[in-house]
Trainee: 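Got a structure for you, questions after.
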Amino acid sequence: MIKHLQELLEKAVDDLQRKGIFPKDLEPQIFFERTRNKDHGDFATNMALTLAKPLGKNPREIAKLIVDELIESLHVAKVEIAGPGFLNFFLTENCRRQIIKQVLKLGDTFGDNDFGNDKKITVEYVSANPTGPLHVGHGRGAAYGASLANILEKCGYQVQREYYVNDNGRQMDILASSVWLRYIELCGEPIVFPDNGYQGDYIVDIARKVRKKFGDKFLFKSLEVYEAVPADEKDGGDKELHIDGLVFNAKQLLGNENYENIFQIALKDILSGIKKDLEKFNVNYDSWFSEKQLHDGDTIDRALEILQDKGYLYKKDGATWFMASHFGDEKDRVVIRENGQKTYFASDIAYLLNKFERGFEGALYVFGADHHGYIARLKAAAKGLNLNPEDIEIVLTQFANLVQDGKKIQMGTRSGQFVTLSQLVDDVGVDAARFFYVMRSHDQHLDFDLDLAKSQSSDNPVFYIQYAHARICSIFQKLEQQAMQHNKEIGNASLHLLNTDQEHDLLRSVASYPEIFVASARTRSPHLLANYLRELAQNYHSYYNAHQVGVDDENVRNARLNLSKATRIILANGLKLLGASAPTSMFSDDQDGG
RNA sequence: GCGCUUGUAGCUUAGUGGAUAGAGCGUUAGCCUCCGGAGCUAAAGGUCGCAGGUUCGAAUCCUGCCAAGCGCACCA
């Protein structure tokens with residue numbers, strides 16, 4: 001429709017140029033937007049305003065010239081000049097109603113588009129270290145990433161969803177050592193748990209599993225465990241040196257094979273827990289990418305070689321540095337430490353290279369706001385690898401606070417006291433959890449109101465939307481019982497009977513879905529979709545209260561049923577994209593997962 | 001100290017150069033012989049953090065200041 005209007009305007013400008021009223025070299029950008037206020041018609045353009053300067057004329061005067069030159073269109077009822085010089089286009093009632101036929105025909109593909117030009121992208125989200133269960137802080141990235149991936153997929157991108165598993169490095173060694181220490185404790189040997197170890201109870205659970213499988217095979221005397229280990233922080237020492245000493249001893253005492261046994265049990269246990277939690281949260285992946293495979297293969301070496309060949313690496317103080325500051329980062333970064341170990345950043349560079357070697361044309365990273373320092377260095381790495389930095393996109397999600405009884409719930413991940421994602425889902429349900437995380441802009445701090453998420457009333461937006469959906473289902477069910485089956489053809493032939501205020505509003509809402517959908521993909525903003533669904537549901541509830549759908553008149557009834565069904569299709573589709581269900585009934589005893 | 005992000009109604013917020021700044025909650029006043037009242041209708045409530053600047057036009061772009069969050073490792 002926008003295209004049609006643009007053609008109308010282009011024609012008018014053309015004619016004005018031919019008549020010599022507009023200069024020949026004028027090439028106006030014609031841009032339409034759906035109006036926010038229905039008094040302003042359906043679509044508006046500000047082109048007369050933008051032409052004011054080059055033409056040196058009053059915008060309203062220009063608008064008048066253009067309007068007079070416009071040819072008639074079947075779809076346009078009238079064009080008005082408004083405000084400082086906007087052109088407001090009013091579509092014909094008939095044209096507005098056609099959208100219903102389209103929705104019914106296309107079903108849940110209504111709104112799909114080719115915005116992404118079939119670009120093959122990988123979307124990475126969550127990627128939390130497998131050192132403990134996911135907590136509510138990870139929930140936002142999960143909900144956001146999963147919803148965004150769903151939206152992009154239907155907006156013309158070839159999407160691959162990926163989780164980067166940091167199964168390598170110091171943190172994993174600390175994890176394995178933490179498990180080992182708890183294991184020793186279980187065997188009855190006294191230990192003092194390190195400040196910097198992983199404190200959570202889940203560590204003890206894993207230790208128990210290790211003991212069940214291997215008995216006391218990995219038990220060593222306290223004296224050996226702490227041999228030559230620097231003092232911990234609580235004893236006036238350095239907690240980092242302390243834990244490194246413990247890790248060193250663990251590897252020495254256990255030997256490669258046994259150490260690996262504990263390491264693998266811990267990794268597998270935690271990773272499978274993460275997978276389970278995400279599945280429960282309705283968040284899915286196409287690929288779980290192991291960092292270790294970058295080390296085992298030659299990707300890191302190759303990546304560093306590329307940088308070396310281009311002269312972007314240098315040695316200083318025994319370490320190898322990447323000239324990140326040359327590419328806009330605030331300082332250079334170490335890729336190989338003095339002790340020969342490759343840094344995490346080296347893996348990042350290799351992973352980036354790997355993504356494009358796998359044939360992706362774009363890499364989208366969803367990071368928590370605390371990782372914003374990574375943007376510059378990742379973009380720098382991309383430039384160093386001669387990749388187009390435009391193809392590397394990093395979206396940050398701000399933090400979410402849990403709020404209960406009007407107060408923020410304080411969380412300390414250090415101490416192991418946190419609300420897990422799994423607990424949250426158990427508490428408020430998947431639907432509310434998924435929806436609440438994405439109903440605000442991702443770059444806005446989010447207060448997650450637990451009481452509201454649990455409430456079953458119109459205050460709760462997800463219930464409000466689901467209720468609208470269930471209501472529509474209920475109407476269809478009721479009519480079926482009364483042998484008044486829905487007849488789509490009669491409805492389509494009777495759309496002209498939809499002429500109440502509420503029907504106009506609802507139609508307007510239905511018709512705006514495709515543009516909202518594209519906008520949510522373009523700006524990487526699932527919250528636009530969430531807000532839209534609320535508005536659509538509201539329009540339906542208003543309509544429902546003002547008019548009866550199941551009237552005796554067969555024509556009116558089926559026209560209204562068509563409108564209702566179109567609404568239901570969009571509600572169900574939108575809820576699904578955001579990871580929530582579209583129940584056919586709100587009564588808990590006959591739930592439908594949808 | 002330096003950097004990134006964010007300041008919009010009492011609260012939570014939408015709005016990435018356009019028209020009278022939109023919603024929800026909360027508050028106040030109304031609506032059930034009617035398909036699910038888990039709903040609807042309406043009212044009140046705003047110096048868009050502050051001060052300059054760019055523009056025909058600024059919540060939006062630029063500069064400075066104030067406030068909040070986060071980040072500034074040969075950690076991950």
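Note that the structure is predicted; figures quoted are calculated from it, not measured. All values below were derived from every heavy atom in this structure, side-chain atoms included, with hydrogens, water molecules and symmetry-related copies excluded.
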Trainee: Rounded off to whole Å, could you give me the NZ-to-C1' distance for the A/Lys331 and B/C74 pair?
Mentor: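 Distance check: A/Lys331 NZ to B/C74 C1' gives 12 Å.
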Trainee: Please give the distance between the P atoms of B/G26 and B/U12 as a whole number of Å.
Mentor: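 Rounded to whole Å, the distance is 15 Å.
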Trainee: Given atom CG of A/Leu241 and atom C1' of B/A73, what is their separation to the nearest angstrom?
Mentor: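 Result: 14 Å.
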Trainee: Choose from B/C35, B/C4, B/C25 the nucleotide whose nearest atom is closest to any side-chain atom of A/Val549.
Mentor: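 The nucleotide sitting nearest to the side chain is B/C35.
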Trainee: How many whole angstroms separate atom OH of A/Tyr314 from atom C1' of B/C74?
Mentor: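 Going from A/Tyr314 (OH) to B/C74 (C1'), I get 12 Å.
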Trainee: Which value, in whole Å, describes the distance between the P atoms of nucleotides B/G37 and B/U27?
Mentor: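 It works out to 22 Å between them.
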Trainee: Should A/Thr343 be listed as having a side-chain N or O under 4.0 Å from OP1 or OP2 of B/A73?
Mentor: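 No, because none of the side-chain N or O atoms of A/Thr343 sits under 4.0 Å from OP1 or OP2 of B/A73.
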Trainee: According to salt bridge (charged side-chain N to carboxylate O under 4.0 Å, His left out), does anything in residues 440-449 of chain A pair up with another residue at least two apart or in another chain? List the pairs.
Mentor: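 Sorted pair list comes back empty.
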Trainee: So what's the dot-bracket for RNA chain B: Watson-Crick or G-U pairs under 3.5 Å, [ ] if a pair crosses, | if it pairs off-strand?
Mentor: (((((((..((((....[...)))).(((((.......))))).....(((((..]....))))))))))))....
Trainee: Would you mind listing every salt bridge (charged side-chain N to carboxylate O under 4.0 Å, His left out) that reaches into residues 536-553 of chain A, with sequence neighbours excluded?
Mentor: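 Applying salt bridge (charged side-chain N to carboxylate O under 4.0 Å, His left out) to every pair that reaches into residues 536-553 of chain A, excluding sequence neighbours, yields nothing.
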Trainee: Looking only at the side chain of A/Gln538 (C-beta and beyond, no hydrogens), which of the listed nucleotides B/C72, B/A23, B/G26 gets closest?
Mentor: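 Of the candidates, B/A23 comes closest.
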Trainee: Which residue pairs pass the salt bridge (charged side-chain N to carboxylate O under 4.0 Å, His left out) test when at least one of the two sits in residues 29-49 of chain A, sequence neighbours left out?
Mentor: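 The answer is A/Arg34-A/Glu515, A/Lys38-A/Asp505, A/Asp42-A/Arg96.
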Trainee: Listed by chain and number, what are the ring pair (Phe, Tyr, Trp, His ring centres under 6.0 Å) partners of A/His469, not counting sequence neighbours?
Mentor: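 By the ring pair (Phe, Tyr, Trp, His ring centres under 6.0 Å) rule, A/His469 matches no residue at all.
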Trainee: Do the side chains of A/Arg170 and A/Glu240 get close enough for a salt bridge, i.e. N-O under 4.0 angstrom?
Mentor: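 So A/Arg170 pairs with A/Glu240 through a salt bridge.
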Trainee: How close or far is atom P of B/G24 from atom CZ of A/Phe435, stated in whole angstroms?
Mentor: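 Rounded to the whole Å, the gap is 14 Å.
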Trainee: Mark up nucleotides 7-21 of chain B, 5' to 3', with B wherever a protein heavy atom is under 4.0 angstrom from a base atom, S wherever such an atom reaches only the sugar-phosphate, and - elsewhere.
Mentor: S----BSSSB-BB--
Trainee: Nearest to the side chain of A/Phe399, heavy atoms from C-beta on, is which of B/A23, B/C35, B/C70?
Mentor: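 So the nucleotide nearest the side chain must be B/C70.
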Trainee: For A/Lys64, does the NZ atom sit with more than 12 other heavy atoms under 6.0 Å from it, leaving out its own atoms?
Mentor: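 Counting other residues, nucleotides and ligands, NZ of A/Lys64 stays at 12 neighbours or fewer.
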Trainee: Return the 5'-most residue of the pair A/Asp459, A/Val551 with respect to RNA chain B, ranking by each residue's nearest nucleotide.
Mentor: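 That would be A/Asp459.
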Trainee: Quote, to the nearest angstrom, the C1' distance that separates B/A23 from B/C32.
Mentor: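 Comparing C1' positions in B/A23 and B/C32 gives a spacing of 27 Å.
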Trainee: For A/Ala52, answer base if it contacts any base atom (sugar-phosphate contacts may also be present), sugar-phosphate if it contacts only those atoms, and nothing otherwise; contact means non-hydrogen atoms under 4.0 Å.
Mentor: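 Touches nothing.
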Trainee: Does A/Arg333 or A/Gln456 map to a spot on RNA chain B nearer the 5' end, using the closest nucleotide for each?
Mentor: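 First, find each residue's nearest nucleotide; the 5'-ward one identifies A/Gln456.
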Trainee: What's the gap between B/C2 and B/U8 when it is taken at their P atoms, as a whole Å value?
Mentor: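 Rounded to whole Å, the distance is 25 Å.
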Trainee: In whole angstrom, what separates A/Arg34's CZ from B/G22's C1'?
Mentor: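 About 17 Å, once rounded to whole Å.
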Trainee: Say you draw a straight line from OG1 of A/Thr397 to NE2 of A/His445; how long is it, rounded to the nearest 0.5 Å?
Mentor: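 Those atoms lie 11.0 Å apart.
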Trainee: What contact category does A/Asn168 fall into here, base, sugar-phosphate, or nothing, at under 4.0 angstrom with non-hydrogen atoms?
Mentor: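 Sugar-phosphate only.
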Trainee: Under 4.0 Å, counting only non-hydrogen atoms across every strand here, what does A/Gln398 touch: a base, just sugar-phosphate, or nothing?
Mentor: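 Contact class for A/Gln398: sugar-phosphate only.
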Trainee: Let's test your reading of the model: under 3.5 Å, does the base of B/G71 pair with the side chain of A/His371 as donor and acceptor?
Mentor: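 Side chain to base: no pair present.
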Trainee: Is the phosphate of B/G37 approached by A/Arg471 (side-chain N or O, under 4.0 Å from OP1 or OP2)?
Mentor: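 Yes, within the criterion.
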Trainee: Suppose the criterion is salt bridge (charged side-chain N to carboxylate O under 4.0 Å, His left out): which pairs have a residue in residues 451-465 of chain A, not counting sequence neighbours?
Mentor: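 Qualifying pairs: A/Asp427-A/Lys454.
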Trainee: For a quick check of understanding: with a heavy-atom distance under 4.0 Å over all strands, which category does A/Tyr464 fall into, base, sugar-phosphate or nothing?
Mentor: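 Counting heavy atoms under 4.0 Å across all strands, the contact made by A/Tyr464 is with sugar-phosphate only.
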Trainee: In whole angstrom, give me the gap between the C1' atoms of B/U13 and B/A21.
Mentor: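 Looking at atom C1' only, B/U13 and B/A21 are 13 Å apart.
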Trainee: Kindly write out the residues that satisfy side-chain hydrogen bond (donor to acceptor under 3.5 Å, both in side chains) with A/Asp329, not counting sequence neighbours, or none if the list is empty.
Mentor: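 side-chain hydrogen bond (donor to acceptor under 3.5 Å, both in side chains) list for A/Asp329, sorted by chain: A/Arg333.
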Trainee: Using a heavy-atom cut-off of 4.0 Å across all strands, would you classify A/Glu338 as base, sugar-phosphate, or nothing?
Mentor: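 The answer is base, as A/Glu338 lies within the cut-off (heavy atoms under 4.0 Å) of a base atom.
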Trainee: What is the distance from CG of A/Asp329 to P of B/C4, rounded to the nearest Å?
Mentor: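 So the CG-P distance, A/Asp329 to B/C4, works out to 12 Å.
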Trainee: If I pick the C1' atom on B/A19 and the same atom on B/U5, what distance separates them, to the nearest angstrom?
Mentor: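 Looking at atom C1' only, B/U5 and B/A19 are 31 Å apart.
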Trainee: Which residues pass the ring pair (Phe, Tyr, Trp, His ring centres under 6.0 Å) test with A/Phe43, not counting sequence neighbours?
Mentor: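 If we apply the ring pair (Phe, Tyr, Trp, His ring centres under 6.0 Å) test to A/Phe43, skipping adjacent residues, there are no hits.
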Trainee: How would you label the contact of A/Asn58 with the nucleic acid (heavy atoms, under 4.0 Å): base, sugar-phosphate, or nothing?
Mentor: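 Nothing, no nucleic acid heavy atom in range.
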Trainee: Could you state the atom-to-atom distance from CD of A/Gln502 to C1' of B/C40 in whole Å?
Mentor: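 The distance from CD of A/Gln502 to C1' of B/C40 comes to 10 Å, rounded to the nearest Å.
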Trainee: Taking the side chain of A/Ala319 as its heavy atoms from C-beta onward, which of B/G71, B/C74, B/G37 lies nearest to it?
Mentor: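 Nucleotide nearest to A/Ala319's side chain: B/C74.
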Trainee: Taking atom C1' in both B/A14 and B/U6, what distance in whole Å separates the two?
Mentor: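 The same atom, C1', in both gives a distance of 15 Å.
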Trainee: How should the glycosidic conformation of B/C4 be described, syn or anti, under the criterion that syn lies within 90° of 0?
Mentor: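 Here B/C4 takes the anti form, which means its glycosidic angle is more than 90° from 0.
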Trainee: Work out how far the P atom of B/G3 is from that of B/C48, and round it to whole angstrom.
Mentor: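 Looking at atom P only, B/G3 and B/C48 are 28 Å apart.
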Trainee: In terms of the angle between their ring planes, are A/Tyr351 and A/Tyr164 parallel, tilted or perpendicular, with boundaries placed at 30° and 60°?
Mentor: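 Because their plane-to-plane angle is under 30°, the rings of A/Tyr351 and A/Tyr164 count as parallel.
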Trainee: Could you check how far CG of A/Asn460 sits from P of B/C25, rounded to whole Å?
Mentor: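 Taking CG of A/Asn460 and P of B/C25, I get 11 Å after rounding.
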Trainee: Check this for me: A/Tyr314, atom OH, are more than 12 non-hydrogen atoms of other residues, nucleotides or ligands nearer than 6.0 Å?
Mentor: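 Yes, OH of A/Tyr314 has more than 12 neighbouring heavy atoms, counting only those of other groups under 6.0 Å.
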Trainee: Please work out if A/Gln341 contacts a base, only the sugar-phosphate, or nothing of the nucleic acid, heavy-atom cut-off 4.0 Å.
Mentor: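 Nothing, no heavy atom under 4.0 Å.
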Trainee: Under 4.0 Å, heavy atoms only, any strand: does A/Ser457 hit a base, just the sugar-phosphate, or nothing?
Mentor: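 A/Ser457: backbone/sugar contact only, no base atoms under 4.0 Å.
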